[in-house]
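Take a look at the structure set out below.
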Amino acid sequence: MSEKEETKDVDVSTINLKKGVKNLVETMPKLNKLPSDFILPLERNPLSVNYAQIPIIDISGLNGASETRDSTIGAIASACRDWGIFTITNHGIEEALIEDMMEVVKEFFGLNWRAKMKYASDDVMSPVRYGTSLNTSKKHNLHWRDFFRHYGHPFQDTFHLWPHNPPNYSNVAREYLERVWKMAMKIFEAISEGLGLEKGYIEECLGEGVQILAANYYPPCPEPHKTLGLAAHSDHGALTFLTQNGVDGLQIKHIDQTWYAVHHVPGSFLVNIGDYLEILSNGRYKSVEHRATVNAQRTRISIAVGHGPQLSSFIGPASPLVADNGSAQYGPIKYEDYIKIQQSSTVRGKTALLALKAQQSELI
Ligand SMILES: O=C(O)CCC(=O)C(=O)O
Ligand SMILES: [Fe+2]
């Protein structure tokens, strides 16, 4: 290849980009240079960071005798305070179900682009949504990711809208999401108790609640050190449960402001704190900023399931925790409005939450 060809930018039209990065790498198998739209202003090579030693918690202790239960609640409370992310093991969801879920997600992404584009939407609140990058309706640096999202619990509202292809997708996803929801409620009980609240406090705040599944597909990338699969952000809900296909790529920004890579232990879930839990705890626990890196060799697939309050509810700190702190640090805001603000921004990080906090401090 001549010098000129090597330095030439790859021209990828907007139309082609809307079909996603999976389609891009498949239609341009010789692509060895990252198209300039994907180059992100990164301070340093995102692939050069160290692994974090995040806490690993055996949550079967929550079903044990009171001493074991208390020490498990204590471990969860410390992990929430010190890390905002932890690994849970012995959670009771069979590995076979997690593998089946990964398989149907993989099959969904394997459909041709026309089948997936049926679910394409620029509306961030669309109950079922396929897309690429962050927000294709707005101009911004692109990310090396295709995604597919839909609501889970409460199932009666959207189950009929989930994909019918692959044929077993909706049944497998339903079983998976029901089990993850139950597991999340158990952890919310532990977190409530760890915060000194009644056991059922958080679950009650959630009302009917909302569960959102995000499946992310990161194909091999020609220059992975110049871009990201997903830019730094925090999740808007209370807790997100993440599993992946055996390929690492998640990174977190620790309290010391350093980025660390996170290893996923097969069969476990990574659990991370989102903005709603930071708000509810009146800032005792902080949502963890995280991002996804990509690599040159292997496709990475992750499945993240977020849990938050029902969309119509007004969110704010738990009153017993406001009494302790003296004043409410955040909100109130309708949860649905918060999601719209957070999801529509092309500059992520924790900007939405910081704006909510700043707004509140002006009122105090
Ligand atoms: O792929 C990952 O590891 C992160 C996914 C994520 O942060 C999300 O879907 O919100
Ligand atoms: Fe996330």
Side-chain angles (χ1 to χ4, degrees), residues 20-22 40 46-47 49 51-52 54 83-87 98 101-102 105-106 108-109 124 128-135 143-152 173 176-177 180 184 210-221 224 227-253 259-266 268-278 286-295 298-308 338-339 342-353:
V21 281
K22 181 174 188 291
L40 295 173
L47 301 175
V49 310
Y51 269 92
I54 63 165
W83 285 95
I85 185 164
F86 49 96
T87 296
I98 303 175
M101 184 62 203
M102 186 55 76
V105 160
K106 201 165 139 190
F108 175 82
F109 281 114
V124 297
V128 180
R129 184 172 178 229
Y130 168 75
T132 187
S133 212
L134 282 181
N135 193 332
H143 298 83
W144 200 257
R145 170 185 80 137
D146 294 339
F147 68 86
F148 176 60
R149 310 168 63 108
H150 61 80
Y151 292 98
Y176 182 78
L177 290 171
V180 172
V210 71
Q211 184 184 39
I212 302 176
L213 172 140
N216 303 299
Y217 189 99
Y218 310 98
C221 175
T227 192
L228 290 168
L230 189 50
H233 68 284
S234 52
D235 296 339
H236 51 73
L239 285 181
T240 303
F241 292 74
L242 185 124
T243 184
Q244 65 182 30
N245 67 335
V247 181
D248 282 342
L250 178 67
Q251 296 189 346
I252 52 153
K253 197 186 213 175
W259 282 102
Y260 289 98
V262 177
H263 175 59
H264 172 253
V265 181
S268 73
F269 286 94
L270 285 163
V271 184
N272 75 263
I273 293 186
D275 294 347
Y276 176 63
L277 192 51
E278 176 167 339
K286 302 280 190 273
S287 59
V288 67
E289 210 173 317
H290 54 285
R291 64 187 186 185
T293 56
V294 289
N295 75 82
R298 299 182 63 188
T299 292
R300 175 163 184 263
I301 301 176
S302 68
I303 304 173
V305 185
H307 301 80
Y338 184 71
I339 298 181
Q342 199 249 16
Q343 293 279 298
S344 307
S345 154
T346 53
V347 189
R348 298 286 284 274
K350 287 181 68 165
T351 45
L353 190 69

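Order of appearance sets the numbers: ligands from 1, and atoms from 1 within every ligand. Note that this is a predicted model, so its numbers are computed, not measured.
Closest protein heavy atom to atom 9 (O) of ligand 1: N216 ND2, 3.1 Å. Distance from atom 8 (C) of ligand 1 to its nearest protein heavy atom, with residue and atom name: L230 CD2, 3.7 Å. In terms of protein heavy atoms, atom 3 (O) of ligand 1 is closest to R300 NH2, 2.8 Å.
Across H290, R291, E289, a single residue satisfies side chain to side chain contact (heavy atoms under 4.5 Å, CB included) together with H233, and that is H290.
For ligand 1, the atoms lying closer than 4.0 Å to a non-hydrogen atom of A304 are 9 (O). Residue D235 approaches ligand 1 through these ligand atoms, each under 4.0 Å from one of its heavy atoms: 10 (O). Heavy-atom contacts of Y218 reach the following atoms of ligand 1: 1 (O), 2 (C), 4 (C), 5 (C) (cutoff under 4.0 Å). Less than 4.0 angstrom separates some heavy atom of L242 from each of these atoms of ligand 1: 2 (C), 3 (O), 4 (C), 5 (C).
Relative orientation of the Y130 and F109 rings is tilted, given thresholds of 30° and 60° on the angle between their planes.
By the 3.5 Å distance cut-off applied to N or O atoms, R145 is not counted among the residues near ligand 1.
Side-chain contact between V124 and R129 is present, with at least one heavy-atom pair separated by less than 4.5 Å. Contact check for V305 versus Q211: side-chain heavy atoms found under the 4.5 Å cut-off. Counting heavy atoms from C-beta outward, Y218 and S302 have side chains that approach closer than 4.5 Å. Within the 4.5 Å cutoff, the side chain of R300 has heavy atoms near those of the L250 side chain.
For the pair D248 (side chain) and H264 (backbone), a donor-acceptor distance under 3.5 Å is present. Although no hydrogens or angles enter the test, the distance criterion places no donor-acceptor pair under 3.5 Å between the side chain of D235 and the main chain of T240.
Taking the Fe ion (ligand 2) as reference, H290 places its N/O/S atom NE2 nearest. Nearest N/O/S atom of D235 relative to the Fe ion (ligand 2): this is OD1. Within H233, the N, O or S atom at minimum distance from the Fe ion (ligand 2) carries the name NE2.
Under 4.0 angstrom from ligand 1, the non-hydrogen atoms of H290 all belong to its side chain. Using a 4.0 Å cut-off between heavy atoms, T240 makes no contact with ligand 1 at all.
Atom NZ of K253 has more than 12 neighbouring heavy atoms from other residues, nucleotides or ligands inside a 6.0 Å radius.
Ligand 1 lies within reach of H233, whose nearest heavy atom is under 4.0 Å from it.
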